[in-house]
Amino acid sequence: MMENQINNMAGTTQLGERPFNGSVCNGFLMLFVILIMILGGIALGGWGIWLENGWIVTLGILSVIVGIICACGFLMLEPNEARVLTWFGKYSGTFTETGFFWVNPFYSTKKLSLRARNLDAEPIKVNDKVGNPVMIGLVMVWKLKDTYKALFEVDSQTMASSAQGQIGTDVRSIMNALERFVRVQSDAALRQVAGQYAYDDEDSKNNEPTLRSSADEINLQLEQKLDERLSLAGIEVVEARINYLAYAPEIAAVMLRRQQASAIITAREKIVEGAVSMVKMALDKLSSEQIVELDDDKKAAMVANLLVVLCGDENAQPVVNTGTLNH
């Protein structure tokens, strides 16, 4: 029986955001009522003083005090804002309706923003799958999804402490604290993802995806890792992608020469392939149209000359032979 009671209590424990179900009144109506209470209390106190009646004066003072206390219960929300309400430390719910309202002034409220925010992280140095140091950065769009987790699952209020050591309760300090949390976790996620892939195709094996050639796959995995890390704080990742990728400065020059050499080799292969095709076409054209008869030695010399002309880096200097082929 005791075990069942414990399980039932655990099942009812609040582990996420829920809407506020307490009494909420129209703010303008309560403003009118509170003004009547304060002005009426002042008038009642003055009348009691004129009558020299202590009970009436006390009643007037109490009316003014109650009106001032009730005036602390106003709250106003713009679109994509939320108020987290607690009753003497106990979470009572999150209020998200837009407008001007009044709640019990003894509720503690903390305002949070549900609007999307950008994070443009500075490039960091990480080692790729084969150990090359690379500089990589990301840009991310995130927003708050669960206000309960944002306030009570991570220590955002202490992280938002002011220079005087006071706990941060205003929306700016809390959101800045959450942004620092997002920055640290995004750094860790980026290092984890970047370490699983090689920088480019030359470093990879068996046509594996790389940081340069598989941007969509890398960005998708980066979003998944960020979601896993940031869900603890009730944060939703709208979009995340790598926006900077380069070799680290200490190896950038060497890798640039390697890339240039690779590009030169690829270009040379293309040039030779085209030159051989042109030489074959020239020989076939001369033979089919019977322009000139060439033996094997002449063909070899002609092929050598054409390949030099077609594959050379500089323009060929023509030499006019005024003699005969048999000379």
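Computation of the quantities below employed the complete heavy-atom set of this structure, encompassing side-chain atoms and omitting hydrogens, waters and symmetry-equivalent molecules.
- Within 6.0 Å of the CH2 atom in Trp47, the count of heavy atoms belonging to other residues, nucleotides or ligands does not exceed 12.
- When every heavy atom of Leu144 is checked against every heavy atom of Leu114, the shortest pair comes out as O-CD2, 3.7 Å.
- Under the side chain to side chain contact (heavy atoms under 4.5 Å, CB included) criterion, Phe32 pairs with Ile36, not counting sequence neighbours.
- The aromatic rings of Tyr107 and Phe20 stand perpendicular to each other, their planes meeting at an angle above 60°, with 30° marking the opposite boundary.
- Between the side chain of Ser231 and the backbone N or O of Asp227, at least one donor-acceptor pair lies under 3.5 Å.
- When side chains are defined from C-beta on, Asn104 counts as touching Trp87, because their heavy atoms get closer than 4.5 Å.
- Residues Ala188 and Arg229 approach most closely at CB-NH1, 3.6 Å, considering heavy atoms.
- Judged as a side chain to side chain contact (heavy atoms under 4.5 Å, CB included), and not counting sequence neighbours, the contacts of Arg172 are Asp170, Asn176.
- The two residues Glu17 and Lys145 come nearest to each other via the heavy atoms OE1-O, 3.6 Å.
- Taking 4.5 Å as the limit, every side-chain heavy atom of Val237 sits out of range of all side-chain heavy atoms of Leu222.
- With contacts defined as side-chain heavy-atom distances shorter than 4.5 Å, the pair Leu75/Phe101 qualifies.
- Taking 4.5 Å as the limit, every side-chain heavy atom of Val139 sits out of range of all side-chain heavy atoms of Tyr244.
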- prompt: Given the rule in the side chain to side chain contact (heavy atoms under 4.5 Å, CB included) test, do Val193 and Ile242 qualify, once you have shown the distances and angles that lead to the verdict?
  reply: CA-CA 11 Å; Val193 172; Ile242 294 174; 5.8 Å; no
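- Ile56 and Val64 are members of different hydrophobic clusters when ILVMFWY side chains are connected at heavy-atom separations under 4.5 Å.
- For the residue pair Ile235 and Trp142, the shortest heavy atom distance occurs at CG2-CE3, 3.5 Å.
- Hydrophobic clustering places Ile38 together with Leu31 (ILVMFWY residues linked when any side-chain heavy atoms are closer than 4.5 Å, directly or through intermediates).
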message: Would Val103 and Phe95 count as a side chain to side chain contact (heavy atoms under 4.5 Å, CB included) here? Give the steps.
response: CA-CA 10 Å; Val103 297; Phe95 188 74; 6.0 Å; no
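- Using a 4.0 Å cut-off between charged nitrogen and carboxylate oxygen, Glu78 and Lys111 do not count as a salt-bridge pair.
- Taking a 6.0 Å sphere around CZ of Phe106, one finds it holds 12 or fewer heavy atoms contributed by other residues, nucleotides or ligands.
- Of the charged side-chain nitrogens involved, none lies within less than 4.0 Å of a carboxylate oxygen, so that Arg241 and Glu223 do not count as a salt-bridged pair.
- With contacts defined as side-chain heavy-atom distances shorter than 4.5 Å, the pair Ile124/Ile136 qualifies.
- Leu62 and Leu44 fall into different hydrophobic clusters, defined by Ile, Leu, Val, Met, Phe, Trp and Tyr side-chain heavy atoms under 4.5 Å apart, directly or through other members.
- Both Trp102 and Ile68 belong to a common hydrophobic cluster when Ile, Leu, Val, Met, Phe, Trp and Tyr are linked at side-chain heavy-atom distances under 4.5 angstrom.
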task: Start with the C-alpha distance between Val154 and Lys149, add both sets of side-chain angles, then the distance that settles side chain to side chain contact (heavy atoms under 4.5 Å, CB included), and finish with yes or no.
output: CA-CA 7 Å; Val154 295; Lys149 291 182 178 180; over 6 Å; no
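- For Asp128 (side chain) and Ala194 (main-chain N/O), no donor-acceptor pair under 3.5 Å exists by modelled atom type.
- Nearest heavy-atom pair, Ser186 versus Leu119, reported as atom, atom and distance to 0.1 Å: OG-CD2, 3.6 Å.
- Side chain of Arg18 to backbone of Tyr91: a donor-acceptor contact under 3.5 angstrom is found.
- Listed by chain and residue number, Lys225 satisfy the side chain to side chain contact (heavy atoms under 4.5 Å, CB included) test with Glu228 (two or more places apart in sequence, or in another chain).
- Between Arg191 and Asp187 there is a salt bridge, with a side-chain nitrogen of the basic residue lying less than 4.0 Å from a carboxylate oxygen of the acidic one.
- Contact detail for Val57 and Ile49: the closest heavy-atom pair is CG2-N, 3.4 Å.
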message: Under the criterion side chain to side chain contact (heavy atoms under 4.5 Å, CB included), I'd like the reasoning laid out for Val182 against Met140: C-alpha separation, chi angles, the key distance, then a yes or no.
response: CA-CA 10 Å; Val182 170; Met140 179 173 63; 3.1 Å; yes
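- When the side chains of ILVMFWY residues are joined at heavy-atom separations under 4.5 Å, either directly or via intervening members, Leu29 and Phe100 end up in two distinct hydrophobic clusters.
- Listed for the Thr109 side chain is no donor-acceptor partner under 3.5 Å among the backbone atoms of Leu85.
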